[in-house]
Amino acid sequence: MLSYQRGRVTLQQYKLLLCSLYKIYEALEEVLDSNASHDAVAPIYFPQELSRLPALRSDLQHFYGRGWREQMQVPDAALAYAQRLQQVGREHPEYLVAHVYTRYLGDLSGGQVLGRITQRSLGLQDGEGLSFFSFPNISSPKLFKQLYRSRMNSITLTEEQRRAVLEEANTAFQLNIQVFDELQECVSCVSETEPAVRQRHSPQTQSTAADVGVCEPLQGSSSLMPRLLRTLLGVCVLLAVGMVYAF
């Protein structure tokens, strides 16, 4: 994420990030839909305002073409994240508040900035391939976040459930860290022809998986990042969430 914020993101890495996010949001929005009437989910259920799947489908089709589903490569960490969301949806729907807040409000808070960085870094034109960062049904992010926190705070939980939700928030942070750890590992997969591919990419021409050498899933891989760097990354994530509260 530090590299991303500095504009050091490749087309291949961005496409792999979109694949990861699609799998995560596919699971999250499925369990939210199935638990929409649950007492702990109904107050924070805003599908029209927050749903990310349509935007991700649009972005993936832009980069991969109509056969994007067959060409997607989903890293193991994203699959593990999705599995946890499915488990929570089945067993403890009240824990979903931790995941919804961590993902949606994080995207809403930093989406505009990351969208501009991505567009500039990859030379994307007219916002194509950047739908994920746009929330067209939210006119004022600041007011929406105030409404969302008010709804979230209205949820009635026992003390035991409150502790469990806090622990689930820690789990959500760790799952996000693991996703970016694996994306960092994929740096070694980046094709040497990436700059040329980026120059060829335009709204009139769509690249394929073969064009950009999309990474294969990293089966059974362990993090190559030093423990200290991983710790610092975790601190950065926590600081980012603190910024969400500030706004």
Side-chain angles (χ1 to χ4, degrees), residues 1-4 9 12-35 38 40-41 44-45 47 50-57 59-60 68-69 71-111 114 132-133 164-187 189 214-225 229-231 233-238 240-241 244:
M1 284 304 296
L2 290 174
S3 295
Y4 200 131
V9 57
Q12 181 179 348
Q13 288 172 308
Y14 180 58
K15 290 172 67 174
L16 192 62
L17 173 61
L18 290 176
C19 291
S20 298
L21 290 173
Y22 183 84
K23 183 57 63 175
I24 292 166
Y25 277 106
E26 181 181 50
L28 178 58
E29 294 179 5
E30 178 181 327
V31 296
L32 285 174
D33 289 344
S34 62
N35 289 284
H38 190 280
V41 176
I44 58 170
Y45 185 61
L50 295 175
S51 178
R52 295 292 82 203
L53 276 184
L56 285 165
R57 291 190 189 106
D59 290 342
L60 288 166
W68 61 269
R69 291 181 184 275
Q71 298 183 60
M72 282 179 59
Q73 300 291 339
V74 183
D76 291 340
L79 294 175
Y81 198 159
Q83 290 171 359
R84 177 58 185 172
L85 290 167
Q86 292 164 348
Q87 180 184 7
V88 167
R90 290 192 306 268
E91 301 175 3
H92 298 284
E94 66 273 14
Y95 295 2
L96 288 173
V97 63
H99 290 282
V100 172
Y101 185 85
T102 301
R103 283 253 42 108
Y104 284 124
L105 265 69
D107 294 332
L108 183 60
S109 296
L114 288 179
F132 174 75
F133 302 107
V165 167
L166 288 173
E167 185 58 35
E168 191 64 28
N170 288 330
T171 298
F173 289 132
Q174 186 59 42
L175 289 168
N176 277 283
I177 291 171
Q178 290 170 1
V179 167
F180 283 103
D181 274 355
E182 194 159 8
L183 290 175
Q184 179 68 27
E185 290 180 18
C186 197
V187 170
C189 300
V214 175
C215 297
E216 293 296 324
L218 305 176
Q219 299 291 339
S221 61
S222 59
S223 175
L224 301 180
M225 300 177 70
L229 184 55
R230 294 180 63 189
T231 301
L233 180 58
V235 172
C236 289
V237 172
L238 293 175
V241 173
V244 172

Once you round to the nearest 0.5 Å, how far does [atom1] of [X] lie from [atom2] of [Y]?
{"X": "I24", "Y": "Q83", "atom1": "CD1", "atom2": "CD", "value": "12.0 Å"}
{"X": "R57", "Y": "E26", "atom1": "CZ", "atom2": "CD", "value": "8.0 Å"}
{"X": "L21", "Y": "K23", "atom1": "CG", "atom2": "NZ", "value": "12.5 Å"}
{"X": "L17", "Y": "L56", "atom1": "CG", "atom2": "CG", "value": "9.0 Å"}
{"X": "L32", "Y": "Y45", "atom1": "CG", "atom2": "OH", "value": "7.0 Å"}

Which pair of non-hydrogen atoms, one from [X] and one from [Y], has the smallest distance, and what is that distance?
{"X": "V41", "Y": "P93", "value": "CG2-O, 3.7 Å"}
{"X": "A169", "Y": "A98", "value": "N-CB, 3.6 Å"}
{"X": "G89", "Y": "N35", "value": "O-ND2, 3.2 Å"}
{"X": "Q73", "Y": "C19", "value": "O-CB, 3.3 Å"}
{"X": "Y22", "Y": "L53", "value": "CE1-CD2, 3.5 Å"}
{"X": "F132", "Y": "D59", "value": "N-OD2, 2.9 Å"}

Who are the salt bridge (Lys or Arg N to Asp or Glu O under 4.0 Å) partners of E94, not counting sequence neighbours?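 Salt bridge (Lys or Arg N to Asp or Glu O under 4.0 Å) check on E94 returns nothing, list empty.
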Regarding R84 and Y95, do their side chains bring together a donor and an acceptor under 3.5 Å, going by distance alone?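 Their side chains do not contain a donor-acceptor pair, so the 3.5 Å distance test is not met.
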Pair N176-Y81, side-chain donor/acceptor within less than 3.5 Å: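 Yes, Y81 and N176 have a side-chain donor paired with an acceptor closer than 3.5 Å.
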H38: partners by ring-ring contact (aromatic ring centres under 6.0 Å, His included), with sequence neighbours left out: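 None.
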Residues which pass side chain to side chain donor-acceptor pair (under 3.5 Å) with E29, listed by chain and number, not counting sequence neighbours: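 Scan of E29 (side chain to side chain donor-acceptor pair (under 3.5 Å), adjacent residues dropped) gives S51, Y104.
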I'd like to know whether L16 forms a side chain to side chain contact (heavy atoms under 4.5 Å, CB included) with L183, so could you lay out the CA-CA distance, the side-chain angles of the two residues, the decisive distance to 0.1 Å, and finally the verdict. CA-CA 8 Å; L16 192 62; L183 290 175; 3.5 Å; yes
Take L85 and H99 through the test side chain to side chain contact (heavy atoms under 4.5 Å, CB included) and record every step on the way to the result. CA-CA 8 Å; L85 290 167; H99 290 282; 3.5 Å; yes
Donor-acceptor contact present, side-chain R103 to main-chain Y101, <3.5 Å: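 No; zero donor-acceptor contacts below 3.5 Å.
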Apply side chain to side chain contact (heavy atoms under 4.5 Å, CB included) to the pair D107 and F133, showing each step before the final yes or no. CA-CA 7 Å; D107 294 332; F133 302 107; over 6 Å; no
